[in-house]
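Throughout, protein chains are lettered first and strands after them, A, B, ... in sequence-line order, and every chain is numbered starting at 1.
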Number of protein chains: 2
Amino acid sequence: VRYVFHDQLDGLLGELAEICAEVEDAVKLATAALLTGDSSVAERVISADAEIDAARDRVEDTALSILSLQAPVAGDLRVIVSALRMISELERMGDLAVHVAKIARLRTPNVAVPEQAFATICRMAEVAESMVGRAAHIVRDRDVEAAVALRAEDEEMDRLRRSSFTELLGDDWVGGVEAAVDVALLGRYYERIADHAVSVAGRVVFIVTGQKPTFT
Amino acid sequence: VRYVFHDQLDGLLGELAEICAEVEDAVKLATAALLTGDSSVAERVISADAEIDAARDRVEDTALSILSLQAPVAGDLRVIVSALRMISELERMGDLAVHVAKIARLRTPNVAVPEQAFATICRMAEVAESMVGRAAHIVRDRDVEAAVALRAEDEEMDRLRRSSFTELLGDDWVGGVEAAVDVALLGRYYERIADHAVSVAGRVVFIVTGQKPTFT
């Protein structure tokens, strides 16, 4: 029974890693829609989010069923409780990718991001996507070292967010109010995606070490 | 033992309701700071957030300890699992109140919200605060009917958000780029506070009925 049980726990983390990889795809596609103004790509992101929501329900049901049938303790309990937390973070990340796609769709066939903000938003998108991809590996491999390292990448995101505000609020901003609002919200969405990636990784630290990371 | 156990579960929900009331205060104070430009009030919100974070840690520890010592099932298990979810929502709501307070602090002694956006932002703040207050009661009384009713209030928030964008992006907007960005982000923060309140209330539906609400 114990062997089967540990297979279940590994299966749960494997499923979370897969969902994290789906979120990575959603972020990548949402960014592609944003930077090209392609509404069909934006629509794909928006409609695919239902799959992430369905996966969330599946993981929650599995976790609840393991909790009530197996009454896990110690490290096993930490896996289940963390899985519940991680799945709700992943579901939010999917929603944030949808928010990015919706801004893209709102401005299509134009591109929401004006030239002055393009490089910074591109880099934010790259960093967010990379962090989500790394979080998927961290969950799959229970990699504590990589989880801790992910925080450094989040610092780049914070710097990018500040640069973005400096651009928007500078005297030479020619993008107007609408583009400024779009860029400010986009920055917020990518920043939150990155925060959630850090938090997902932090839960892996908790699973492995029992220590609550200081960066949940 | 079972009596003591149910006291523990009631205590956990009572503590969540109290934290929810603390979040309500944080939203109220953050809004006061925002609408008056009073930086000392903003500072109070920012420093008080550590208490909400500490409460989050306490609730998580209690929930984990109950899970491993009592191995609850069925309705009792739903209380614990929901408490874990609700405490992470409440912690985020506290962070969002801090974000509002930080925008207030950034513009002090001026008021971040220009006259053109004042009425809409005031109403968003009122709705958010009221929803958080109602969520506290819903948690304390396990009030499913009120939880379902809370969704209607959230629809007002969605309408306010749309009105706010119409104001910002209209030809007669005289607030400039900086105020537009502030107002767009403030709208986002209040909207998210409201979303989390709905989600906290939704978990009460799950605790009582075992049915996942469609609005988590």
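The two atoms that bring A:Glu178 and B:Leu169 nearest to each other are CA-CD2, 3.5 Å, heavy atoms only. In plain terms, the two heavy atoms of A:Val177 and B:Ala180 that are nearest each other are CG1-CB, 3.5 Å. Between A:Ser68 and B:Leu77, the shortest heavy-atom contact is CB-CD2, 3.6 Å. Counting all heavy atoms, side chain and backbone alike, B:Val181 lies closest to A:Ala184 at CG1-CB, 3.6 Å.
Using a cutoff of 4.0 Å between basic side-chain nitrogens and carboxylate oxygens, A:Arg92 and B:Glu89 are not scored as salt-bridged.
Interface residue B:Leu64: backbone and side-chain heavy atoms are both found under 4.5 Å from chain A.
Here CG of B:Leu84 is found 12.5 Å from CD1 of A:Ile80. Values are rounded to the nearest 0.5 Å. A distance of 10.0 Å separates CZ in A:Arg85 from CD1 in B:Ile87, rounded to the nearest 0.5 Å.
Counting heavy atoms from C-beta outward, A:Arg188 and B:Tyr189 have side chains that approach closer than 4.5 Å.
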